[in-house]
Amino acid sequence: MRKGTALVVGATGITGGNLAAHLVASGWTVYGLSRRATEQSGVIPVTADLLDEAATAQALACLPITHVFYCTWIRRDNEKANVEANSAMMRNLFAGLDSDKLDHASLVTGTKQYLGSFEAYGSGRTETPFRESEPRVPGDNFYYALEDVLFEAAERHGFNWNVHRPHTVIGYARGNAMNMGTTLAVYASICKETGQPFVFPGSQTQWNALTDMTDALVLARQMEWAATTPGAANQAFNTVNGDVFRWRRMWREIGEYFDLEVQGPEASDDPDTMQPLEQQMAGAESTWREIAAKHDLVEPDVAKLASWWHTDADLGRDQECVNDTTKSRDFGFDHFRETRAAFLDLFARLRAEKIIP
């Protein structure tokens, strides 16, 4: 397999951080771009705010990048603002790169491709399993805007592209806005320390329906494979572990790992009966500081570990979410991962690194 010089954009995040580590281990030269410098072994840090066109151009000047892996986004107050900000970031990136050296660019989006934006979550009502051929959901969606910027840059500069659409990603990262695994580990740890039951925060639909998730290493491997396999160029691929599960079983298994009393959602279709984590964990900042001091944990600020709002969004949906990976397998990618094992392996690492007790 031909290696290249990679620029991982968003190298401190759950997707970018795990991808950068994978590429380094696979023999790539890896630059990691982020707003704060990455400290990963083997990754050459590049610091820039992609919203600043001049600073981005200065940071990227003369870098011999052959492959871009775009794994970042920024959240604004509404989807129109999300579209504007995220589009500007990607445009500034491509404007700052030496396009003559660029062979390939990969973009990570996700299942909101089929569900709609945060503001219109679930408005797509696409039949499951979600397939890459589904039409876009009407309305603003910064995923679509990023795709359009990518497609236009690829056509203008003559490089190949891929789009990867994971479901919720499980993996190790701190200070990340979309990190269900660490969020649930922190929530479970608080329940354990305070004697509270481990209450499912979401909907009856998510409790009972089939769903799937994406291990960060599965995503990293698919991204490397697609970027280096000529027959896979210029395609969008769903990216999930290959198994399906119901939260009513997974929640019990996570509760068993932490030795907790498990409670499901109330038997009602009324969304007002849900118990979202933002509600349950109101005031958790002081509780976590006490837990961190008691167990000598490395991060006393719960806001740098848990993303209550994003986990609530995932678990509060009122429709089934299952992604079809037939296209990826047909093109030759056959890596898979058991989701339960992905969760438990992450929890073990969080304990070993003194992030949770």
Side-chain angles (χ1 to χ4, degrees), residues 10 12-18 35 71-79 81-83 85-86 108-124 140-143 146 164-191 198-203 205-207 211-216 219 239-241 247 250-251 254 265 271 274-282 284-285 288 299 301-319 321 323 339 342-343 346-347 350 355-356:
T12 57
I14 187 170
T15 296
N18 284 279
R35 283 188 293 271
C71 310
T72 193
W73 71 292
I74 191 167
R75 189 186 186 201
R76 292 296 192 236
D77 290 338
N78 57 66
E79 195 63 15
N82 282 339
V83 167
N86 285 280
V108 177
T109 59
T111 304
K112 285 193 297 299
Q113 176 80 20
Y114 313 111
L115 293 172
S117 68
F118 285 121
E119 291 179 0
Y121 221 33
S123 61
D140 289 333
N141 189 326
F142 78 88
Y143 283 1
L146 287 175
H164 300 266
R165 298 171 182 167
H167 199 172
T168 305
V169 179
I170 308 170
Y172 177 83
R174 289 167 60 187
N176 181 259
M178 300 173 73
N179 195 335
M180 180 189 283
T182 301
T183 297
L184 293 184
V186 170
Y187 172 48
S189 299
I190 291 173
C191 290
F198 189 51
V199 179
F200 185 74
S203 67
T205 300
Q206 287 305 303
W207 182 251
T211 192
D212 52 28
M213 294 185 73
T214 305
D215 184 270
L219 177 55
T239 319
V240 288
N241 289 338
W247 274 110
M250 186 69 75
W251 199 256
I254 293 173
M274 292 194 300
Q275 300 183 61
L277 291 176
E278 278 198 308
Q279 174 184 307
Q280 290 190 55
M281 293 291 100
E285 295 81 5
W288 186 256
E299 181 52 73
D301 185 354
V302 73
K304 293 182 178 179
L305 298 174
S307 49
W308 311 125
W309 69 272
H310 190 265
T311 297
D312 284 339
D314 276 353
L315 298 182
R317 300 169 183 151
D318 65 352
Q319 73 174 99
C321 296
N323 292 269
T339 300
F343 269 124
L346 172 63
F347 299 156
L350 294 174
I355 294 171
I356 63 172

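Only this structure's heavy atoms are used, side chains among them; waters, hydrogens and symmetry mates stay out. In this text, all values refer to a predicted model and were calculated from it rather than measured experimentally.
Interatomic distance, CD of Gln206 versus CG of Asp314, reported as 8.0 Å (0.5 Å rounding). Between Arg76 atom CZ and Asn86 atom CG the span is 8.0 Å, to the nearest 0.5 Å.
When only modelled atom types and interatomic distance are considered, Asn241 and Asp215 share no side-chain donor-acceptor pair under 3.5 Å. A donor-acceptor contact closer than 3.5 angstrom is absent between the side chains of Ser307 and Asn179. With hydrogens and angles left out, the side-chain atoms of Arg165 and Tyr114 include a donor and acceptor closer than 3.5 Å.
Nearest heavy-atom pair, Met180 versus Thr311, reported as atom, atom and distance to 0.1 Å: CA-OG1, 3.6 Å. Nearest approach of Asn141 to Gly116, heavy atoms of both residues: ND2-C, 3.8 Å. The minimum heavy-atom distance linking Leu305 with Trp288 is given by the pair CD1-NE1, 3.6 Å. For the residue pair Ala173 and Gly13, the shortest heavy atom distance occurs at CB-C, 4.0 Å. Across every non-hydrogen atom of Trp251 and Leu315, the tightest pair is CZ3-CD1, 4.3 Å.
In this structure the side chain of Pro201 never reaches within 4.5 angstrom of the side chain of Met274, judged on heavy atoms. Looking at heavy atoms from C-beta onward, Thr339 lies out of side-chain contact with Asp212 at the 4.5 angstrom threshold. Contact annotation: the side chain of Leu184 approaches that of Ile254 to within less than 4.5 Å [non-hydrogen atoms, C-beta and beyond].
Proximity of a side-chain donor or acceptor of Asp318 to a complementary backbone N or O of Ser203 within less than 3.5 Å is not detected.
Relative orientation of the Trp308 and Tyr187 rings is perpendicular, given thresholds of 30° and 60° on the angle between their planes.
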Quick one: do Leu115 and Cys321 satisfy side chain to side chain contact (heavy atoms under 4.5 Å, CB included)? Show the steps, please. CA-CA 9 Å; Leu115 293 172; Cys321 296; 3.9 Å; yes

Hey, mind stepping through Tyr172 and Ile355 against side chain to side chain contact (heavy atoms under 4.5 Å, CB included) and telling me if it holds? CA-CA 11 Å; Tyr172 177 83; Ile355 294 171; 3.3 Å; yes

